[in-house]
Amino acid sequence: MLSLTWLDELCAFLSPEQMEVNESPHPLGNSGAVTVYPQTEEEIAAVLRYADRQGKKVVVMGRGTKRGFGGQREQADILLSLENYAGIVEHAAADMMVTVKAGTVFGDLQRELAPYRQKVALDPFWPDEATVGGVIAANDSGPKRLGYGAARDSVIGLRIVYPNGTVIRSGGKVVKNVAGYDMNKLFIGAMGTLGVLSEVTLKLRPLAKYESVVLLSFPSGDVQSIHSFAVSFLDTMMEPICFELLTPTLAERLTGRPVYTLVIGFEDVEKAVHYQEQWVERLCPKAASMAVLAGEEAEAFWRTFYTIAPNGRLTTSGGGVEAAVKIGVVNLDVLSVLRESELIADRCHVQIEAHGGLGHGLCQAYVRGSEEGVIAAVEELRQMAVRLGGYAVVRHLPFFLRQRIDVWGGKPAYFFLLEGIKRKIDPNKTVNDQRFIGGI
């Protein structure tokens, strides 16, 4: 139970309306005995300064979509939520940049930019739930990473509140900023273990004049035919924003057809998009069928696609356990990953829906089933990734199962560097303790 003395101390810099006592931990862990909702950077710094001096542990959260991603601490002392710390700080439309508070919902930001015919070139999952700070801290991206790049390609600058309450800035507020070390990369993907992202400055891209999604279905399931087409396609001058392969189980959910399906996305002026669609039609194998989604149909496809991953804000329906596994391999080895995932699903008696980028090599596998089945499937997916010279990271798993499996897959050779940086910036392990690789 939380002592009245502690509550009184928190009330010194937060109002009672900004605090909430939690009776029990969350099933996904990464919760706090008390949740605080700061509304200013000064309040964030005050909470961290207090916790660091009093030896309290702080878990940082946006809106909780990634609550099941990493973490060996079921309940910290304080859950610092940035849900009420949101909004655009500065939008320089002419300079194609925007600065936002970290708790801003990603989808809300895109809608604010749309009247200016601009957008952030990132495609995280659950965009209408995830916050900008959470997306950057977890280095989240989707299949359009092929054309858009990763989070580090969009971030120009950051404001970070260190665990001792000090506020620093990395990067700048202009696109062409090359002075000094690129400190942004230190915090992108660090899972909030080095401090709280306060503000994020992002470069923008013009909204595409026209967008289409080409679906190539392969009823025969001939992986070699898909491989041959992929090699031919990637050797052309076409510039798709995504080149993603879906397993039959996922394709059935998204398209109604339970067959291997290639999703090829194009964004450009309408004439250029149609030209590339015609190229795909000429290259398309005779055994495959082609469909083109445009306008509202394309938007509806992507809306559904970005909600297929587990969401830490939602309760699992229908019983069982959910897991999400990110697998990185050489791009065309994606075919082996997706094909093997079907066999693993059968052996472990679970359902696996998977997709992977044939242009960048990143795969996502969503596993649903019994506790033992999910654990066995995750272990087999990791072993397969290692055999292919890649890696596997578990991006969503209930807390009690995260205690049975290393979600990060062991310590890398450079772990001593990560450990040294954490020790220098957060010697008391105040922020997001045990959330990252090797228990950092």
Side-chain angles (χ1 to χ4, degrees), residues 96-98 106-107 109-110 113-114 117-127 130 132 135-136 138-156 175 188-189 202-216 226 229-246 254 261-281 283-284 290-295 297-306 308-309 326-332 334 355-364:
M96 301 290 286
M97 57 75 62
V98 66
F106 188 86
L109 173 59
Q110 297 289 54
L113 295 172
R117 302 298 300 170
Q118 295 177 340
K119 68 178 179 181
V120 179
L122 275 175
D123 65 328
F125 291 90
W126 293 97
V132 173
V135 169
I136 301 306
N139 195 24
D140 194 14
S141 62
K144 293 182 181 180
R145 180 185 181 119
L146 178 64
Y148 290 173
R152 65 185 56 188
D153 299 307
S154 290
V155 174
I156 301 172
V175 174
I188 298 171
L202 300 154
K203 60 183 174 183
L204 304 176
R205 173 184 292 196
L207 279 177
K209 300 286 186 181
Y210 189 81
E211 176 182 7
S212 77
V213 176
V214 177
L215 302 176
L216 288 188
I226 301 173
F229 171 79
V231 171
S232 299
F233 181 87
L234 293 171
D235 198 38
T236 67
M237 297 297 290
M238 284 185 281
E239 297 182 347
I241 57 165
C242 80
F243 191 49
E244 200 83 0
L245 182 63
L246 314 179
L254 293 174
T261 302
L262 265 173
V263 180
I264 309 172
F266 296 109
E267 290 182 2
D268 209 323
V269 296
E270 185 172 355
K271 185 176 180 180
V273 170
H274 290 325
Y275 175 77
Q276 293 181 90
E277 291 169 356
Q278 292 164 8
W279 256 100
V280 174
E281 190 172 15
L283 289 172
C284 181
M290 175 175 163
V292 179
L293 307 179
E297 283 187 318
E299 292 176 5
F301 175 86
W302 288 122
R303 276 197 303 271
T304 303
F305 188 98
Y306 291 122
I308 59 178
K326 175 184 176 181
I327 301 168
V329 292
V330 175
N331 60 343
L332 291 179
V334 165
H355 58 92
L358 294 173
H360 53 63
L362 292 181
C363 308
Q364 305 288 343

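Bear in mind that the values here come from a model prediction, so they are computed numbers and not experimental data. Index from 1, following the sequence.
- Contact annotation: the side chain of L202 approaches that of L109 to within less than 4.5 Å [non-hydrogen atoms, C-beta and beyond].
- Considering CZ of R117 and CG of L204, their distance stands at 13.5 Å, rounded to 0.5 Å.
- I241 places none of its side-chain heavy atoms less than 4.5 Å from the side chain of L146.
- Between atom SG of residue C284 and atom CD of residue Q278 there is a gap of 14.0 Å, rounded to the nearest 0.5 Å.
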Practice task
Begin from the C-alpha positions of F229 and L358 and carry the test side-chain contact (heavy atoms from CB on, under 4.5 Å) through to its verdict.
Solution key: CA-CA 11 Å; F229 171 79; L358 294 173; over 6 Å; no
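- Proximity of V269 to Y210: side-chain heavy atoms (C-beta onward) are nowhere separated by under 4.5 Å.
- With hydrogens and angles ignored, the 3.5 Å screen pairs no side-chain donor or acceptor of T236 with any backbone N or O of S232.
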Exercise for the section: Could you walk me through whether I226 and L216 pass the side-chain contact (heavy atoms from CB on, under 4.5 Å) test, one step at a time? Expected result: CA-CA 10 Å; I226 301 173; L216 288 188; over 6 Å; no
Exercise for the section: Evaluate the criterion side-chain contact (heavy atoms from CB on, under 4.5 Å) for residue pair F266 and V280; output intermediate values, then yes/no. Expected result: CA-CA 11 Å; F266 296 109; V280 174; 3.9 Å; yes
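- Counting heavy atoms from C-beta outward, R205 and Y148 have side chains that approach closer than 4.5 Å.
- Rounding to the nearest 0.5 angstrom, the gap separating the CG atom in L246 from the CZ atom in F305 is 6.0 Å.
- D140 CG to I188 CD1: the interatomic distance, rounded to the nearest 0.5 Å, is 13.0 Å.
- In this structure, OG1 on T261 lies 9.0 Å from CG on L254, to the nearest 0.5 angstrom.
- Checked by atom type and distance alone, the side chain of D153 pairs as donor or acceptor with a backbone atom of A150 at under 3.5 Å.
- Each of Q364, R145, H355, K144 was evaluated against E244; a single residue qualifies, H355, per the side-chain hydrogen bond (donor to acceptor under 3.5 Å, both in side chains) test.
- If you take CG on N331 and CZ on F243, they are separated by 9.5 Å, rounding to the nearest 0.5 Å.
- Between F233 and I264, the closest side-chain pair of non-hydrogen atoms falls below 4.5 Å.
- Ion pairing between E267 and K119 holds under the 4.0 Å rule for side-chain N and carboxylate O.
- Checking E270, Q276, E277, H274 one by one against S212, the side-chain hydrogen bond (donor to acceptor under 3.5 Å, both in side chains) holds for a single residue, E277.
- D268 is not listed as a side-chain neighbour of Y275, based on a closest heavy-atom distance of 4.5 Å or more.
- Side chain of S154 to main chain of A151: no donor-acceptor pair is present (N/O by atom type, distance under 3.5 Å, no hydrogens or angles).
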